[in-house]
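All chains are named by letter (A, B, ...) in the order of the sequence lines, taking the proteins before the strands, and each is independently numbered beginning at 1.
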Protein chains: 2
Amino acid sequence: MARATNRRIADSTVRRLSLYLRYLEEVGGRGLATISSETLAKLGGTTSAQVRKDLSFFGSFGKRGLGYPVPELVSRLREILGLGREWQVVIVGAGKIGSALAQYSGFRHRGFRVVAVYDNNPAKIGTQWDGHSVRDIAQLVSDVTSLRADIAVLAVPGAAAQETAEVIVRAGIHGILNFAPIQLRLPEDVIVRAVNMAAELEVLSYALAHRAER
Amino acid sequence: MARATNRRIADSTVRRLSLYLRYLEEVGGRGLATISSETLAKLGGTTSAQVRKDLSFFGSFGKRGLGYPVPELVSRLREILGLGREWQVVIVGAGKIGSALAQYSGFRHRGFRVVAVYDNNPAKIGTQWDGHSVRDIAQLVSDVTSLRADIAVLAVPGAAAQETAEVIVRAGIHGILNFAPIQLRLPEDVIVRAVNMAAELEVLSYALAHRAER
DNA sequence: ACATGTGAACTGCTTCACAGCG
DNA sequence: CGCTGTGAAGCAGTTCACATGT
């Protein structure tokens with residue numbers, strides 16, 4: 001039973017849960033029955049206290065003196081992360097990044113199914129693509145009713161991103177994974193996660209440039 | 001003159017600086033001479049106090065009653081972020097993501113130049129690719145001496161990531177942008193930024209699954 | 001004896017609010 | 001008078017340390 005959690009959980013916590021799950025699936029496959037917060041912490045690059053705190057937000061499913069039962073923890077984490085169901089994903093922007101993501105097996109494997117790919121470039125529309133024909137973005141709004149898409153991956157150039165995001169929202173999609181290097185301004189009931197690779201590279205160059213000074 | 005900063009600057013701050021820069025380049029192109037923290041905050045999705053605090057870590061280059069001079073701020077931010085020079089980047093892993101990144105124009109545009117692409121798959125080695133022939137990863141260590149690469153983009157499967165990262169470090173590279181969904185354990189003088197798209201999608205599915213409860 | 005679960009202390013980022021200055 | 005620059009206050013996430021349970 002998904003214990004109702006009123007508390008707002010930090011993004012950082014959820015990201016760690018996702019990492020824990022990945023490791024647990026791995027060690028579970030090797031037949032390990034139980035795992036301590038200490039071991040899990042080492043795998044996930046954090047501390048045992050952090051692991052226990054993260055898990056404690058959702059209940060107490062560890063056994064004192066022993067650790068956490070791996071199979072149970074795996075299924076609880078799946079449930080917590082919302083992976084108990086399949087999510088329908090549309091990819092908007094059939095450029096290089098969109099292309100790579102549409103074919104990325106890691107998505108499918110965790111229950112994210114790409115159901116359509118969109119672009120506004122007439123040269124691309126209609127081309128076949130890893131089992132999906134690229135559709136005209138103008139069709140998105142009408143399509144989504146039948147597709148029942150939950151999540152859109154936004155992989156269009158920055159200049160087009162805001163406008164395109166608004167189309168996505170108009171289509172009734174409430175979750176956006178944004179690869180465009182801009183801050184989207186959308187209604188607050190839309191959940192947006194940004195992956196800004198350029199910014200990430202610049203954090204890296206900042207750190208490298210200032211490395212001597214430390 | 002780059003005022004020496006002893007203070008450790010938060011990643012979140014640096015990421016915002018990168019966003020500010022992107023917006024400033026845009027409005028600067030439109031000829032805007034000066035910008036207030038308030039305006040910049042709206043573009044970057046934050047608050048004016050946050051903008052002023054972020055910038056104040058590096059000096060005070062605003063004019064009271066007026067705002068910040070755009071061209072000057074652009075060049076200061078470039079300098080701060082380490083974009084005053086060109087960074088040599090190698091891409092390790094010639095799969096879909098590696099492929100997309102190798103061709104991503106946003107990198108080049110900001111001073112990140114892809115100088116080589118590596119893989120361990122014999123079928124891929126030697127193939128030509130957007131001006132780069134894919135090289136054998138076994139050559140990485142010897143190549144880097146002549147290439148003088150600064151940053152590696154790690155885009156290999158999770159199972160190979162740790163091992164590959166160690167090769168990269170052995171090659172003398174100190175900055176890694178990690179796309180593999182695992183936590184790398186490396187010497188602490190190596191700067192690692194992780195982009196975990198699977199985790200990001202799961203934060204999204206977590207939020208969507210728990211949306212009703214809020 | 002061992003490892004969890006958790007209040008309390010701590011650390012650090014963000015927001016506030018206002019003095020300072022063009 | 002407007003907007004910056006910045007100490008101080010507020011808040012959130014992390015770490016500590018220990019009581020609790022097996």
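The interatomic distance linking A:R8 (CZ) with D:dC11 (P) rounds to 16 Å, in whole Å. When rounded to the nearest whole Å, the span between CG of B:D11 and C1' of D:dG13 equals 15 Å. One can place CD of A:Q50 at 12 Å from C1' of D:dC16, the figure rounded to the nearest angstrom. What separates CZ of A:R64 from C1' of D:dG21 is a distance of 5 Å, to the nearest Å.
Close placement of the A:F107 and A:Y104 rings is indicated, their centers lying within 6.0 Å of each other.
Within 4.0 Å of B:S48, counting heavy atoms only, lies no atom of the nucleic acid at all. No contact: B:T46 has no heavy atom under 4.0 Å from any strand. B:S37 comes within contact range of the sugar-phosphate backbone alone, with a heavy-atom separation under 4.0 Å but no base atom that close.
Not a single donor-acceptor contact under 3.5 angstrom links the side-chain atoms of B:K63 to the base of D:dG2. Looking at A:K53, its side chain comes within 3.5 Å of the base of D:dT15 through a donor and an acceptor atom.
Distances shown here put every side-chain N or O of B:S12 at or beyond 4.0 Å from the OP1 or OP2 atom of C:dC13.
Listed by residue number, the members of residues 68-75 of chain B with any heavy atom below 4.0 angstrom from DNA chain D are B:Y68.
Using a 4.5 Å heavy-atom threshold, the side chains of B:I176 and B:R193 count as separate.
The main-chain N or O of A:E202 is never found under 3.5 Å from a side-chain atom of B:S18 such that the two would form a donor-acceptor pair. At least one donor-acceptor pair closer than 3.5 Å links the side chain of B:D119 to the backbone N or O of B:A94.
Judged by distance alone, the side chains of B:D11 and A:Y206 never bring a donor and an acceptor atom under 3.5 Å apart. Side-chain atoms of A:D54 and A:Q50 include a donor-acceptor pair closer than 3.5 Å.
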